[in-house]
Amino acid sequence: MSETTQTTDRAEAPVLQPPVDVFEDDYGITLYADMPGVPKEKLHVRIDAEALAIEGEIDFPTIEGLEASHVEVQSPRFQRAFTLGKELDGEKAQAEFKNGVLKLRIPKLEQAKPRKIEVRID
Amino acid sequence: MFRTLFPGDFFSDLNRLQRQLLRFSGDTGSIRGFGRSGFPPLNVGTTPDSVEIFAFAPGLDPASIDLSIERGLLSLSGERRNELPPEEGKSAIHINERFSGNYRRVVSLSDDIDPETASASYKDGVLHVQVKRRAAAVPRRIDIR
């Protein structure tokens, strides 16, 4: 899994890059992404061919007369993209989203999983 | 000349405190909205009758967040657990960017807030703290006898 950056430059407002953790075991890849403030309806995860795209929009409560005095999160949009290796099975990916954290599990294709080869001694 | 009035490293302490209190991400690289300015990132705003603080703290158990207001300073602290597999396991870690460990952020609130009115909620990984401001003191007319 590697990152693709070219998809982030759209002309409009800047986007936030969600920080991620990615790790791999024998059976697949697990990705965690921090996307605080994004409700489930505004999270979009797309896997096509060998690309993974994550997008989300923060749902700020509207508070009348609110004036920002200090801003560290400067955009309401999260966006990030990765390329996946051929050995990953995007169709079997599973996503969970809770408290602003996306957990995505992408298993490896059957033929890409390690096989233990028994050595027989005759 | 002012420095001589204060013994020791008062100013550097003060500067450090100030940086910790409110650090503006003034650089234009706002794409990295979650830079190194600290976890959790904060947005603060005011309305005529309240101060609203938003802490972008995903993946926490709300009960584990330690939130307090003391002498006009709101502080927010706790620990965020790592979800990575143990090092000695069979997993390979490819990217490790998410914050883990102890966090602490402090925000200086305006003088007119009423700490008794503070309320907080946690939704979609955002902690929203609201503190009411005291009703602006009504100018009182003093009669001259």
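Sequence lines set the chain letters: A, B, ... in the order given, protein chains first and strands last, and positions in each chain run from 1. Just so we're clear, the structure is a prediction, and the values are computed from it rather than from any experiment.
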Chain A shares the most heavy-atom pairs under 4.5 Å, among Pro85(B), Pro40(B), Pro48(B), Ala57(B), with Pro85(B)
One option among Ala92(B), Ser50(B), Gly59(B) has the most heavy-atom pairs under 4.5 Å with chain A, and it is Ala92(B)
Do [X] and [Y] land in one hydrophobic cluster if side-chain heavy atoms of ILVMFWY residues count as linked below 4.5 Å?
| X | Y | result |
| --- | --- | --- |
| Met35(A) | Val101(A) | no |
| Val129(B) | Tyr103(B) | yes |
| Leu67(B) | Val107(B) | yes |
| Ile95(B) | Phe78(A) | yes |
| Leu127(B) | Phe99(B) | yes |

Tell me, side chain or backbone of [X] under 4.5 Å from chain B's heavy atoms, or both, or neither?
| X | answer |
| --- | --- |
| Phe60(A) | side chain |
| Val38(A) | backbone |
| Asp59(A) | neither |

Mind checking the [atom1]-[atom2] spacing from [X] to [Y]? Nearest 0.5 Å is all I need.
| X | Y | atom1 | atom2 | value |
| --- | --- | --- | --- | --- |
| Ile63(A) | His128(B) | CD1 | NE2 | 4.0 Å |
| Leu16(A) | Phe56(B) | CG | CZ | 8.5 Å |
| Lys123(B) | Asn99(A) | NZ | CG | 11.5 Å |
| Asp124(B) | Lys42(A) | CG | NZ | 10.5 Å |
| Asn82(B) | Tyr32(A) | CG | OH | 10.0 Å |
| His94(B) | Leu31(A) | NE2 | CG | 11.0 Å |

Taking the side chain as every heavy atom from C-beta outward, state whether [X] and [Y] have any pair of such atoms under 4.5 Å apart.
| X | Y | result |
| --- | --- | --- |
| Asp25(A) | Lys90(B) | no |
| Glu72(A) | Arg105(B) | yes |
| Asn43(B) | His70(A) | no |

- Neighbour count >12 (heavy atoms, 6.0 Å) for atom CG, Asp48(A): yes
(Q) With a sphere of 6.0 Å drawn around CZ of Arg81(B), does it hold more than 12 non-hydrogen atoms of other residues, nucleotides or ligands? (A) no
Could you pull out the closest heavy-atom pair between [X] and [Y], with the gap in Å?
| X | Y | result |
| --- | --- | --- |
| Pro58(B) | Gly100(A) | CB-O, 3.6 Å |
| Val126(B) | Pro36(A) | CG2-C, 3.8 Å |
| Ile93(B) | Phe23(A) | CA-CB, 3.9 Å |

Between Asp21(A) (side chain) and Glu97(B) (backbone), is there a donor-acceptor pair under 3.5 Å?
yes
* Counting N and O atoms only, with roles assigned by atom type, does the side chain of Ser69(A) sit under 3.5 Å from a partner on the main chain of Val44(B), one being a donor and the other an acceptor? -> yes
inquiry  = Between Ile58(A) and Phe54(B), does the side-chain contact (heavy atoms from CB on, under 4.5 Å) criterion hold? Intermediate values first, please.
reply    = CA-CA 12 Å; Ile58(A) 298 177; Phe54(B) 296 91; over 6 Å; no
Okay, Ile53(B) and chain A: the region with an atom under 4.5 Å from a heavy atom over there is neither
Requested in this report: Go through the steps to decide whether Glu67(A) and Thr47(B) satisfy the test side-chain contact (heavy atoms from CB on, under 4.5 Å), and finish with yes or no.
Outcome: CA-CA 6 Å; Glu67(A) 264 180 60; Thr47(B) 72; over 6 Å; no
Residue set satisfying salt bridge (charged side-chain N to carboxylate O under 4.0 Å, His left out) with Lys92(A), at least two apart, ordered chain then number -> Asp89(A)
